[in-house]
Amino acid sequence: MAVIQANRMCEDYSQLESGPLSSFISVYDGHAGSEASKFVSHNLFFNLKNIVSERREVSESVLKKAFSATEEDFLSLVKKQWMNNPQIASVGTCCLAGVLHDGVLFVANAGDSRAVLGRVERGSKRASAVQLSNEHNVNIASVREELYALHPDDSQVVIMKHKCWRVRGLIQVSRSIGDVYLKRAEFQREPLLPKFRLTETFEKPILNSEPEVTVHKLQPEDHFVIFASDGLWEQLSNQEAVDIVHNFPRNGIAKRLLKAALHEAAKKREMRYADLKKIDPGVRRHFHDDITLIIVFIDSHLVSKSPLPPYSIKGGVFPR
């Protein structure tokens with residue numbers, strides 16, 4: 001796991017949970033503040049455990065229900081804090097969660113983080129990159145088309161602003177937990193800040209929290225999975241990231257991958273990596289985003305033989 005802060009306050013959280021039957025890996029990329037990503041890091045896994053216990057299974061529907069329950073929990077928090085802390089209605093987070101259970105990897109994604117598998121075919125020395133999730137960012141044509149189809153009477157549901165597409169001119173992601181100001185019209189009023197208030201109201205949620213879930217049965221050729229916020233993928237391609245993880249020792253590999261992304265960010269601005277490192281958070285956001293990444297190695301000969309020891313790790317901001 002590795003994290004680098006670019007915003008004045010780091011808006012990313014991450015989490016690894018392991019028990020005798022399964023492992024849970026997640027990256028939460030917050031926006032407009034850290035309240036939503038922090039909240040989800042404390043509640044999504046808890047909700048998932050309860051639903052798995054009730055249903056006695058891990059499945060696509062279970063993951064979707066866990067996301068929905070967490071969304072409702074956050075909405076309740078917003079309602080409680082609305083009058084004293086109205087900006088919480090404008091805070092949201094992208095959510096990327098992986099569950100490794102019984103030799104199957106479930107990946108649930110809402111937002112623009114990404115999970116990429118590193119696969120090494122038998123007899124080959126090269127690793128190939130396999131993307132396991134789809135981003136919900138309206139700068140992708142198919143995502144815009146999805147929103148247009150969901151809101152046929154709203155010609156302004158996606159508009160170009162500051163040289164990129166944005167939902168109602170405000171946000172680039174179409175799915176998230178939080179962002180209740182674009183899901184519940186009741187919050188489109190004072191004391192919400194004017195910059196988040198729309199000129200035209202809406203009858204149904206513009207954004208939604210339902211994740212897109214992919215199910216992948218692990219194979220002996222599957223060596224590792226990179227879970228990362230979009231800050232990494234803005235700098236490195238899937239294959240570039242997979243090549244770095246595959247070609248260097250495991251020890252310190254997350255930090256090495258993060259450093260490679262920062263070198264690329266510096267190169268794009270025609271500056272040295274050493275000079276980029278000196279830039280303080282806040283100003284740093286003009287050069288790159290917060291980056292959170294988790295690399296999970298899959299030792300296929302161990303996956304089915306012995307249960308994993310229980311552990312819990314929450315991601316924080318590492319020193320620059």
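Start at 1 with the first residue, then count along the sequence.
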Exercise. Which atom names give the shortest non-hydrogen contact between G30 and T93, and what distance separates them?
Worked result: N-OG1, 3.5 Å
For this session: Indicate yes or no: at least one non-hydrogen side-chain atom of Y28 is less than 4.5 angstrom from one of L44.
Result: yes
Exercise. Hey, quick one: are L150 and V180 part of the same hydrophobic cluster, counting side-chain heavy atoms closer than 4.5 Å, chains of contacts allowed?
Worked result: no
Residues 252-268, side-chain donor-acceptor partners within the protein, below 3.5 Å, at least two apart:
from, atom 1, to, atom 2, distance (Å)
K268, NZ, E234, O, 2.8
K268, NZ, Q235, OE1, 3.3

Exercise. Just wondering, are more than 12 heavy atoms of other shown residues or ligands nearer than 6.0 Å to CD in E57?
Worked result: yes
Exercise. Hey, is CZ on R250 packed in by over 12 heavy atoms from elsewhere, all under 6.0 Å?
Worked result: yes
May I ask you to check whether [X] and [Y] show a side-chain donor-acceptor distance below 3.5 Å?
{"X": "D12", "Y": "T292", "value": "yes"}
{"X": "N47", "Y": "T70", "value": "yes"}
{"X": "D243", "Y": "Q239", "value": "yes"}

Problem set entry | Residue from L96, L100, I25, V215 passing side chain to side chain contact (heavy atoms under 4.5 Å, CB included) with V107 | L96
Exercise. Does a salt bridge link K183 with E71, judged by any charged N lying under 4.0 Å from a carboxylate O?
Worked result: yes
Problem set entry | Partners passing salt bridge (charged side-chain N to carboxylate O under 4.0 Å, His left out) against R144 (at least two apart in sequence or in another chain) | none
Exercise. Just one of E210, E146, E135 clears the salt bridge (Lys or Arg N to Asp or Glu O under 4.0 Å) bar with R175, so which one?
Worked result: E146
For this session: Please answer whether the main-chain N or O of S237 pairs with a side-chain N or O of E240 as donor and acceptor at a distance below 3.5 Å.
Result: yes
For this session: For side chain to side chain contact (heavy atoms under 4.5 Å, CB included), just list the numbers for V78 and R184, CA-CA rounded to whole Å, side-chain angles, deciding distance to a tenth of an Å, and then say yes or no.
Result: CA-CA 11 Å; V78 173; R184 301 290 184 107; over 6 Å; no
Exercise. If you look only at pairs with a residue in residues 189-221, which of them pass as a ring-ring contact (aromatic ring centres under 6.0 Å, His included), with sequence neighbours excluded?
Worked result: Y181-F196
